[in-house]
Amino acid sequence: MFGVVSDLISSGVLPEDVRGAPVEISDTKQPEHGDFACNFAMVASKKAGMNPRQLGEALREKILAKGDSAVREIEVAGPGFLNFRLHPSWVASFVPNVLDKGSDLAKSQSGSKRINVEFVSVNPNGPITIGSGRGAAYGSTLSNVLQAAGNVVHREYYINDGVNSEQMRLFAESVKAIVEGRPVPDNGYKGDYVHAVAADIKEEASSLGLPSLTTDWYQQKAQDSMLQAQESALTAFGVAFDTWFSEQSLHEAGAVSVEIDQMIESGVADANPVRTKLKLAKGGVIDEVIVESQTGDVSEDDDDPNASAAQVTEGGQPTLWLRSTKFGDDMDRVLRRRDGRLTYIASDVAYHKDKFNRPENADKLITILGPDHHGYIGRLTAVVAAMFRAASRAEQGAGGGVPGAGNASELSEVEAKIYGSVEERDACLAALSEAKARLEVQIYQLVRFMKDGKPAPMRKRDGNIYALIDLIREIGEKVAPDGTDEEKTTAGRDVARFFYLMRSHDTTFDFDLDLAEKQSDDNPVFYVQYAHARICSVLRKAAEAGFEVTDSADFEKLVHERELTLIKKVCDLPYEVKRCAEDYGVHRLTTYAIELARTYHHFYDACRVIQADQPELTRARLGLCQATRVALKGALDLLGISAPERM
RNA sequence: GCGGCUGUAGCUCAGUGGAUAGAGCGCUUCCCUCCGGAGGAAGAAGUCGGGGGUUCGAGUCCCUUCAGCCGCGCCA
């Protein structure tokens, strides 16, 4: 196509202008539009100074004159589409290619980055919930897809085990109370799983002597126990991590205090008793800069007098602020509280530095967070930007900014309040743009679980949490009632993953438990898996009849419309994967799997595979069956769903 | 107030700026001498929330408006 356009330009039929017009070849929706369509004539008609159909005619003749073996026919249709019809033999020649590639079919070399994908990362004070299940399914599949697209992928789980965390403290105290036979504190953790954790460590506690054990000891033990439960639930769900990274290890290694010193030194953090807040108008435009004084009573307009009283009485040292408003955040954030304890943001700075600076040296970080964290994007980006800013300051010495940033524009009134100087502004904005380029935060949206047509509660009144492992077990029990425990887990995992991945991660959706628990054709998971099992059955049957699958059959025998449609669908897999890797929309793989299964069923219905009196046709169709199996299994593998040979 | 998500067939939802907007469920019919019927074929069903704009062309991109769900701590 490019060649043809280029020829026409050289020969003076088309003006030079046309060279810039994009050439797009797309799949057609309707068979009468041929196999592929090209819209070039319409896109370029203005520049060419010809009407689209005229231009299309010219292109058509030129292409046909080239005598490409793939093209059988071209017609100019509609407003100016070029509809290409391909030779069936050319289409059929892809079958042996697919057979050669085998399990590599889904792979491509479109990406070449080193990517760190962090996902799930829930606190070690509770089980993986069905809400986090979406992040687990999404993160693991996205990782698979990015890897298939040619990237080196590192899967990571961040353990929020900072000893200063209030939540972890409370969790430890709750467990301690249970072990000691006392009632748990009013605001403590009360679910069954807390008792399970207590039971898990009780023996060791008793042997060490209860009175000697501190809350610290309980925190460590309770957390270990919980982590183990989380890991086993994730394993059952088909999710594995390369690294389980401990927040506390950063504190112990002194990395956090190093970062804090560096931030103070470079001026992105300080203890001035003010807090900058930005009032934003539509579109993120800064409307007003508010600098609040933080001296004396922290009284703001707080409705809760106890809370502010507590803050005042605990006051020991001035609050340390991260001036995150310099990096696009809408308010400054606390790094170190009045009582001296560090916030999670402090460790996040050190954590992100670590991710970038490890030997494996990630080019890009992807962090997958739940819907309750979307306000965290700005904060996290600011944290990384501050980290870059502090690091560049440290390297270049004091005054190191970005020399020759080229932006000599003066400070606006708003900028003056935030940055104070042109140099500071430019350096901070440069750091921010680097942070945006290298950190990508993906938020998945809320899942609502529907049972009997009504929303199922995520958290029960007795303090129990609807855990992912329970979801897997419940579905497995319904869908594989006669299976072994392992079969039930696999079935539950397959169904749950498929359902989580059916919709874009970026959109809220209802998880239909009633449908998920149906062991019938209504359930899309089984529809897809059944297609795979059916192919395997045909292949078994063929083997019994003495047929072998080879890549040297006479594939030109494949001329039926449904055979050709199936071949094209099979060949789509690597392109689907590539697209998913580009826009992270991995839900398309479930749609693809359903469509591929359907296309196979169509073929199966119209084209009998095993026919003793037509051995050549049989061998060709067996090859196509095997190719379909390769694509189906390829898609299911990426989704983390099993491809059963029998059902 | 600010931000995120959503609005497409009776229901649940697909949909790469392309031609007559597609599936599944449900509804009305039909196909088992059969390699697995957990399958297939046909039909009815739509002002793509409303209004502007961008362009050869908009469900898709931009603006605006209406409706719904969710989130905005010195918790993580």
Side-chain angles (χ1 to χ4, degrees), chain A residues 24 26-30 32-33 37 39 41-43 45-46 51-52 77-81 83 121-123 125 160 162 165-168 170 247 275 278-282 284 287 294 298 302 307 311 314 319-321 330 333-339 341 343-345 371-378 443 445-446 448 450 502-504 506-510 512 515 518-531 533-542 544-545 575 579 583 587-588 590-591 594-595 597-598 600-602 604-606 608-611 618 621-622 625 646-647:
Chain A
E24 288 171 24
S26 59
D27 221 342
T28 56
K29 285 181 183 164
Q30 291 169 27
E32 56 268 33
H33 295 149
N39 61 1
M42 292 179 296
V43 175
S45 69
K46 213 170 205 176
N51 81 48
F81 287 102
N83 288 338
S121 298
V122 301
N123 292 345
N125 58 9
N160 298 103
S165 157
E166 288 180 20
Q167 294 299 320
M168 289 311 298
L170 190 54
E247 175 189 355
R275 175 183 210 172
L278 306 180
K279 196 172 175 189
L280 298 176
K282 278 257 164 79
D287 199 38
Q294 300 287 314
V298 181
D302 203 323
Q311 283 171 334
E314 281 176 26
T319 303
L320 183 67
W321 296 92
D330 61 350
R333 305 287 168 176
V334 174
L335 282 170
R336 194 171 54 217
R337 304 177 180 96
R338 287 159 176 263
D339 61 11
R341 292 185 303 148
T343 66
Y344 66 98
I345 288 181
D372 47 337
H373 285 70
H374 85 258
Y376 193 79
I377 300 175
I443 302 287
Q445 295 294 331
L446 198 78
R448 207 163 50 138
M450 304 296 285
M502 272 197 297
R503 312 274 178 255
S504 166
D506 202 23
T507 180
T508 46
F509 89 105
D510 290 343
D512 187 342
L515 179 59
K518 264 193 199 164
Q519 190 188 6
S520 76
D521 54 337
D522 297 346
N523 195 327
V525 191
F526 300 133
Y527 180 82
V528 172
Q529 290 186 323
Y530 174 69
R534 189 180 229 187
I535 293 170
C536 292
S537 168
V538 171
L539 295 174
R540 278 194 301 269
K541 203 88 177 179
E544 283 168 23
Y575 300 99
R579 267 190 73 206
D583 68 7
H587 66 288
R588 272 193 299 262
T590 54
T591 308
I594 292 170
E595 283 173 3
R598 182 157 35 236
Y600 181 77
H601 288 311
H602 287 179
Y604 180 90
D605 192 56
R608 192 182 168 80
V609 177
I610 301 170
Q611 301 183 62
T618 299
R621 285 182 173 171
L622 281 174
C625 287
R646 296 171 201 271
M647 289 173 73

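Remember, it's a predicted structure, so these values are computed and weren't measured experimentally. Each chain gets a letter, A, B and so on, in the order its sequence line appears, and its residues count up from 1. Only this structure's heavy atoms are used, side chains among them; waters, hydrogens and symmetry mates stay out.
- When the P atom is compared between B:rG40 and B:rC25, the two are found 9 Å apart, to the nearest whole Å.
- Here A:His602 lies in heavy-atom contact (under 4.0 Å) with sugar-phosphate atoms only.
- How far OG of A:Ser165 is from OH of A:Tyr344: 11.5 Å, rounded to the nearest 0.5 Å.
- In this structure, the separation between NE2 on A:His602 and CD on A:Glu595 is 10.5 Å, given to the nearest 0.5 Å.
- Here B:rG73 presents its P atom at 14 Å from CZ of A:Arg337, a figure rounded to the nearest Å.
- Rounded to whole Å, the P atom of B:rG18 lies 32 Å from the corresponding atom of B:rG39.
- The partner of B:rU16 is absent, by the rule that a Watson-Crick or G-U pair needs both atom distances under 3.5 Å.
- Comparing B:rU60 with B:rG53, their C1' atoms are spaced 15 Å from each other, to the whole Å.
- Of the residues near RNA chain B, A:His587 and A:Gln445, the one whose nearest nucleotide (by heavy atom distance) lies more toward the 5' end is A:Gln445.
- Residues A:Ile345 and A:Val334 fail the side-chain proximity criterion, which asks for heavy atoms closer than 4.5 Å.
- Checking B:rA41 for Watson-Crick or G-U wobble geometry (two distances, each under 3.5 Å) identifies B:rU29 as its partner.
- Distances shorter than 4.0 Å separate some side-chain N or O of A:Tyr527 from OP1 or OP2 on B:rG40.
- Partners of A:His374 according to the side-chain contact (heavy atoms from CB on, under 4.5 Å) rule, which considers only residues two or more places apart in sequence or in another chain, are A:Ile443.
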Heavy-atom contacts, protein to nucleotides 61-70 of chain B, under 4.0 Å, summarised as B (base), S (sugar-phosphate only) or - (none) per nt, yield ----------
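- Here B:rU8 presents its P atom at 13 Å from CZ of A:Arg503, a figure rounded to the nearest Å.
- Without hydrogens or angle criteria, A:Asn523 side chain to A:Leu515 main chain gives a donor-acceptor distance under 3.5 Å.
- Using a 4.0 Å heavy-atom distance criterion, A:Tyr604 is classed as a base contact.
- Base-pair partner of B:rA21: not found among the strands shown (Watson-Crick or G-U wobble, both distances under 3.5 Å).
- Using a 4.0 Å cut-off between charged nitrogen and carboxylate oxygen, A:Asp339 and A:Arg337 do not count as a salt-bridge pair.
- If you check every strand for non-hydrogen atoms under 4.0 Å, A:Gln167 touches a base.
- At least one side-chain heavy atom of A:Arg341 sits under 4.5 Å from a side-chain heavy atom of A:Glu166.
- Contact annotation: A:His601 does not reach the phosphate of B:rA38 (side-chain N/O to OP1 or OP2, under 4.0 Å).
- Between the C1' atoms of B:rU8 and B:rG49, the separation comes to 10 Å (whole Å).
- Spacing between B:rC70 and B:rC27 at atom P, rounded to whole Å, works out to 33 Å.
- In this structure, A:His601 and A:Tyr527 have side chains that are in contact, with non-hydrogen atoms separated by less than 4.5 Å.
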What does nucleotides 16-23 of chain B look like as a protein-contact string, B for base, S for sugar-phosphate only, - for none, at under 4.0 angstrom between heavy atoms?
B-BBS-SS
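- Residue A:Leu280 contributes atom CG, which lies 12 Å from atom C1' of B:rC72 at whole-angstrom precision.
- When Watson-Crick and G-U wobble pairs are counted only if both distances are under 3.5 Å, B:rA58 pairs with no nucleotide at all.
- Residue A:Asp506 is classed as a sugar-phosphate contact, given heavy-atom separations below 4.0 Å to backbone atoms only.
- As the counterpart of B:rG46, no nucleotide is assigned, since no Watson-Crick or G-U wobble pattern has both distances under 3.5 Å.
- Between A:Tyr530 atom OH and B:rA38 atom C1' there is a gap of 6 Å when expressed in whole angstrom units.
- Residues A:Met502 and A:Asp512 have side chains not in contact (no heavy-atom distance under 4.5 Å, counting atoms from C-beta outward).
- A:Arg540 places no side-chain N or O within donor-acceptor distance of the main-chain N or O of A:Ala542, the cut-off being under 3.5 Å.
- Candidate nucleotides B:rA76, B:rC5, B:rG36 were compared by shortest atom distance to the side chain of A:Thr507, and B:rC5 ranks first.
- B:rG57 and B:rU20 are spaced 15 Å apart, taking the C1' atom of each and rounding to whole Å.
- For the P atoms, the distance linking B:rU12 with B:rA44 amounts to 23 Å, nearest Å.
- At least one side-chain heavy atom of A:Val609 sits less than 4.5 Å from a side-chain heavy atom of A:Cys625.
- Among the heavy atoms of the strands lying under 4.0 Å from A:Ser537 is at least one base atom, whether or not backbone atoms are also near.
- Remark: A:Arg275 is in phosphate contact with B:rC74, judged by side-chain N or O atoms under 4.0 Å from OP1 or OP2.
- Distance, A:Glu166 CD to B:rC74 C1': 9 Å, rounded to whole Å.
- Atom CD in A:Gln529 sits about 18 Å away from atom P in B:rG36, given to the nearest Å.
- A gap of 42 Å separates the P atoms of B:rC72 and B:rG22, to the nearest Å.
- Residue A:Asp287 contributes atom CG, which lies 11 Å from atom C1' of B:rC2 at whole-angstrom precision.
- Between the P atom of B:rG36 and the CG atom of A:Leu539 lies a distance of 11 Å, rounded to the nearest Å.
- At a cut-off of 3.5 angstrom, the base of B:rC74 holds no donor-acceptor pair with the side chain of A:Thr343.
- Pairing for B:rC2 is with B:rG71, a Watson-Crick or G-U wobble pair whose two hydrogen-bonding atom distances lie under 3.5 Å.
- A heavy-atom distance below 4.5 Å is found between the side chains of A:Lys541 and A:Ile610.
- Comparing A:Arg540 and A:Glu595 against RNA chain B, the residue whose closest nucleotide sits nearer the 5' end is A:Glu595.
- Within the nucleic acid shown, A:Lys46 comes within 4.0 Å of sugar-phosphate atoms alone, with no base atom in reach, counting heavy atoms only.
- The aromatic rings of A:Tyr604 and A:Tyr600 are tilted relative to each other, their planes meeting at an angle between 30° and 60°.
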